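A quick write-up on the structure given underneath.
For clarity, every value in this text was computed on a predicted model and none was experimentally measured. We name chains A, B, ... by the order of the sequence lines, and we start the count at 1 in each one.
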Number of protein chains: 2
Amino acid sequence: MSVEFDQIVIEPAYRKVAAAIGERILDRSLREGERLPPETELARQFGVNRSTVREALRELESTGLVIRRAGSKRMAISRPQHDAVAEGVSRALVLHDVTYLEVWEALMILEPPIAEAAARERTPADLAQAVAAAGRFAADNTDTAQAAHHVAEFFRSICKAAHNQVLGLAQEPLLQLLEPSLRVMMDQVPQSRSRIEAAQRRLCDALRARDSDSARTWMSRHIRDFRKGFEVAQIDLQQRITS
Amino acid sequence: MSVEFDQIVIEPAYRKVAAAIGERILDRSLREGERLPPETELARQFGVNRSTVREALRELESTGLVIRRAGSKRMAISRPQHDAVAEGVSRALVLHDVTYLEVWEALMILEPPIAEAAARERTPADLAQAVAAAGRFAADNTDTAQAAHHVAEFFRSICKAAHNQVLGLAQEPLLQLLEPSLRVMMDQVPQSRSRIEAAQRRLCDALRARDSDSARTWMSRHIRDFRKGFEVAQIDLQQRITS
DNA sequence: AAAGGTCGGTTTGTCGGACAATGATACGAC
DNA sequence: GTCGTATCATTGTCCGACAAACCGACCTTT
């Protein structure tokens with residue numbers, strides 16, 4: 001006859017307020033773009049002080065459920081932007097001592113199927129965007145930082161063509177973590193640029209021809225190349241990533 | 001001679017404070033478990049009001065960088081927990097009208113390679129945990145909610161065996177989104193339980209034998225089965241997931 | 001009538017101070 | 001040493017206040 005008691009949880013008011021508002025956003029009672037009521041009004045409705053409401057708002061803000069539109073006072077309901085969410089994921093991974101190897105492995109798993117799906121699902125517009133992204137990388141011969149960014153953008157354009165948000169959001173943190181090391185690699189290994197350029201060209205071709213097999217294969221090589229580049233640039237794959 | 005002006009960004013103090021503290025956590029000046037200075041002390045150091053500090057803390061709290069340890073007053077530095085981060089991802093996906101099909105596709109891409117890696121990398125302890133998870137699923141014949149949870153736990157144990165945090169964090173939102181629909185499926189399609197049980201057994205065998213090919217194959221079938229189950233249970237795959 | 005200027009009301013960002021509740025801690029009793 | 005107690009420190013919440021800036025309406029000018 002041992003009675004089990006549930007752990008008693010004491011939730012501060014600011015958390016309850018945040019939860020209440022958050023729920024209304026999740027269930028779409030509050031729709032995107034709509035403006036939130038003024039803080040004083042919220043305080044009145046919830047029967048708490050404005051300071052408490054503000055603490056709740058900060059929580060929602062950092063979750064991305066509400067956003068302060070640039071140069072605007074009132075906060076607006078919003079859907080969390082993918083890059084912001086991914087940044088949280090990246091931070092978590094960095095703090096958990098994720099290694100370059102782990103990121104590379106994940107890329108190796110994710111990207112080829114993404115390319116395959118992209119070749120299958122792409123629209124003409126998707127293709128154009130991928131080609132444009134590849135073009136921007138090829139055009140920019142000077143700034144490595146910019147070039148690394150272009151590489152990430154190319155991946156994004158491919159993933160966009162796959163028309164699967166889940167994949168996009170899974171991929172994003174990887175790109176964020178990859179970018180700094182790409183810079184280093186392209187600085188140390190100049191010939192990597194032309195290899196990347198070639199892979200991008202082949203991938204564009206595969207997308208154009210809707211050739212999933214070729215897309216998968218080239219993406220595979222592309223990612224494998226990164227690893228080789230890292231090794232040549234003497235980036236220790238076992239090393240943890242310092243954002 | 002058109003001069004481009006950078007967009008002027010005005011950052012509120014609470015955001016700056018949050019960024020400052022966050023940075024110190026990221027660069028490990030503040031280590032995990034360490035306790036944060038009192039709010040008044042922080043307010044003094046930053047030269048702002050305590051209310052402002054508190055708003056910043058709420059932001060850090062919801063990012064998971066600081067945490068209120070249960071039954072403790074002072075806030076402590078922490079690393080964002082994977083499940084909390086993943087919850088943010090799930091929320092984002094739900095709000096962006098992700099469909100069951102998208103989640104299923106992502107699972108189909110992620111899980112087989114994960115199983116493959118798990119068979120290769122698993123330690124004896126990993127194997128034991130996977131077997132135990134499978135056992136818990138097989139044992140619980142009554143409560144569907146619990147059973148769905150066990151299924152997710154089995155996936156987690158497999159992924160843990162792969163020893164790659166990135167994959168774990170990529171997988172987690174999928175599991176969170178999957179679980180409710182699994183409940184529905186197991187309610188509607190009673191025979192799905194035995195199919196799942198069989199797949200889990202085969203996967204455990206593959207892990208035991210370190211047979212990556214078999215692991216990949218069975219995981220593939222396992223995930224494909226889910227889709228079939230959904231169809232039999234008349235869950236429309238094109239439908240958006242309502243968490 | 002469209003573009004630009006003025007003006008008052010609203011809302012936010014920040015501040016100061018206040019107080020109750022409750023962990024944390026030191027201290028004395030046993 | 002362990003226990004109970006008193007004191008302190010810190011957080012959660014409240015109140016009231018004010019400047020800055022945005023918003024919207026109204027007015028002027030061409």
Side-chain angles (χ1 to χ4, degrees), chain A residues 5-22 24-25 30-78 84, chain B residues 5-25 30-78:
Chain A
F5 286 104
D6 288 343
Q7 183 156 2
I8 169 172
V9 284
I10 38 158
E11 258 194 334
Y14 63 77
R15 185 169 291 286
K16 285 188 193 160
V17 170
I21 300 179
R24 293 288 288 278
I25 299 177
L30 294 168
R31 272 161 310 176
E32 186 186 4
E34 213 167 308
R35 279 180 313 181
L36 216 53
E39 295 171 352
T40 41
E41 172 62 15
L42 288 172
R44 195 191 57 73
Q45 287 186 29
F46 285 109
V48 301
N49 192 272
R50 186 161 82 100
S51 311
T52 305
V53 169
R54 284 181 64 80
E55 293 188 33
L57 287 181
R58 293 299 86 76
E59 187 161 331
L60 293 169
E61 192 180 2
S62 89
T63 339
L65 289 181
V66 307
I67 200 172
R68 252 180 356 168
R69 274 185 295 212
S72 167
K73 212 139 210 126
R74 301 273 290 273
M75 305 259 281
I77 311 298
S78 96
Chain B
F5 285 104
D6 288 342
Q7 184 157 1
I8 170 171
V9 284
I10 39 157
E11 258 196 333
Y14 63 79
R15 183 171 292 288
K16 285 187 194 160
V17 171
I21 300 178
E23 198 179 333
R24 293 287 288 277
I25 300 177
L30 295 168
R31 273 161 309 175
E32 186 186 6
E34 211 166 311
R35 281 180 313 181
L36 216 53
E39 296 171 351
T40 42
E41 172 61 16
L42 288 172
R44 196 191 57 74
Q45 287 186 28
F46 285 110
V48 300
N49 192 272
R50 185 161 81 100
S51 312
T52 306
V53 169
R54 283 181 64 80
E55 292 188 36
L57 286 182
R58 292 302 84 77
E59 188 161 328
L60 293 169
E61 194 180 2
S62 89
T63 335
L65 289 180
V66 308
I67 200 171
R68 251 187 354 194
R69 275 186 293 209
S72 165
K73 212 143 200 114
R74 303 272 290 273
M75 306 259 281
I77 311 299
S78 102

Would you kindly give the CD-to-C1' distance between Glu55(B) and dG12(D), to the nearest whole Å? 14 Å
Think Thr40(A) has a side-chain N or O under 4.0 angstrom from the OP1 or OP2 of dT10(C)? no
Between Glu55(A) and Arg54(B), is there a salt bridge with N-O shorter than 4.0 Å? yes
Students should find that the end-to-end axis angle of the helix from dA1(C)-dT30(D) to dC30(C)-dG1(D), with five pairs defining each axis and rounding to 10 degrees, is 20°
Residue from Ile25(B), Ile67(B), Leu42(B) passing side chain to side chain contact (heavy atoms under 4.5 Å, CB included) with Leu36(B): Leu42(B)
Cationic N near anionic O, under 4.0 Å, Glu39(A) to Arg50(A): yes
Measuring to OP1 and OP2 of dT13(D), would you say a side-chain N or O of Asn49(A) lies under 4.0 angstrom away? no
Phosphate oxygens OP1/OP2 of dG12(D): is one of them under 4.0 Å from a side-chain N or O of Arg54(B)? yes
Ranking dG13(C), dT13(D), dG12(D) by distance to the side chain of Ala13(A), first place goes to dT13(D)
Result for 5'-nearest mapping on DNA chain D, choosing between Pro37(B) and Gly47(A), is Pro37(B)
Just the rounded figure in Å: distance from C1' of dG13(C) to CD of Glu59(B). 14 Å
Report the distance from atom OH of Tyr14(B) to atom P of dT14(C), rounded to the nearest whole Å. 7 Å
Would you kindly give the CG-to-P distance between Leu42(A) and dC14(D), to the nearest whole Å? 14 Å
So if I take every side-chain heavy atom of Arg35(A) and compare against dT11(C), dG24(D), dC15(C), which nucleotide ends up nearest? dG24(D)
Hey, could you give me the CG/CD1 distance between Leu57(A) and Ile21(A), rounded to the nearest 0.5 Å? 5.5 Å
No-H, no-angle donor-acceptor pair, Arg50(A) side chain to dG16(D) base, under 3.5 Å: no
How many whole angstroms separate atom CD of Glu11(A) from atom P of dT22(C)? 16 Å
Rounded to the nearest Å, what distance is computed from the CG atom of residue Leu57(B) to the P atom of nucleotide dT11(D)? 8 Å
Got a second to check how far Leu30(A)'s CG is from Arg35(A)'s CZ, nearest 0.5 Å? 13.5 Å
note: Arg68(B), atom CZ; dA21(C), atom P; distance rounded to Å ~ 18 Å
Counting N and O atoms only, with roles assigned by atom type, does the side chain of Glu41(A) sit under 3.5 Å from a partner on the main chain of Pro38(A), one being a donor and the other an acceptor? no
Could you tell me whether the side chain of Arg58(A) has a donor or acceptor atom within less than 3.5 Å of a complementary atom in the base of dT12(C)? no
With a 4.0 Å cut-off on heavy atoms, is Thr52(A) in touch with a base, just the backbone sugar-phosphate, or nothing at all? sugar-phosphate
Can you tell which of dC15(D), dT10(D), dG13(C) lies closest to the side chain of Glu39(A)? dG13(C)
May I ask you to decide if Gly64(B)'s main-chain N or O and Ser78(B)'s side chain share a donor-acceptor pair within less than 3.5 Å? yes
Taking everything shown except Gln45(A) itself, do over 12 heavy atoms lie less than 6.0 Å from its CD? yes
Measure from CZ on Arg15(A) to P on dT13(D) and round the result to the nearest Å. 11 Å
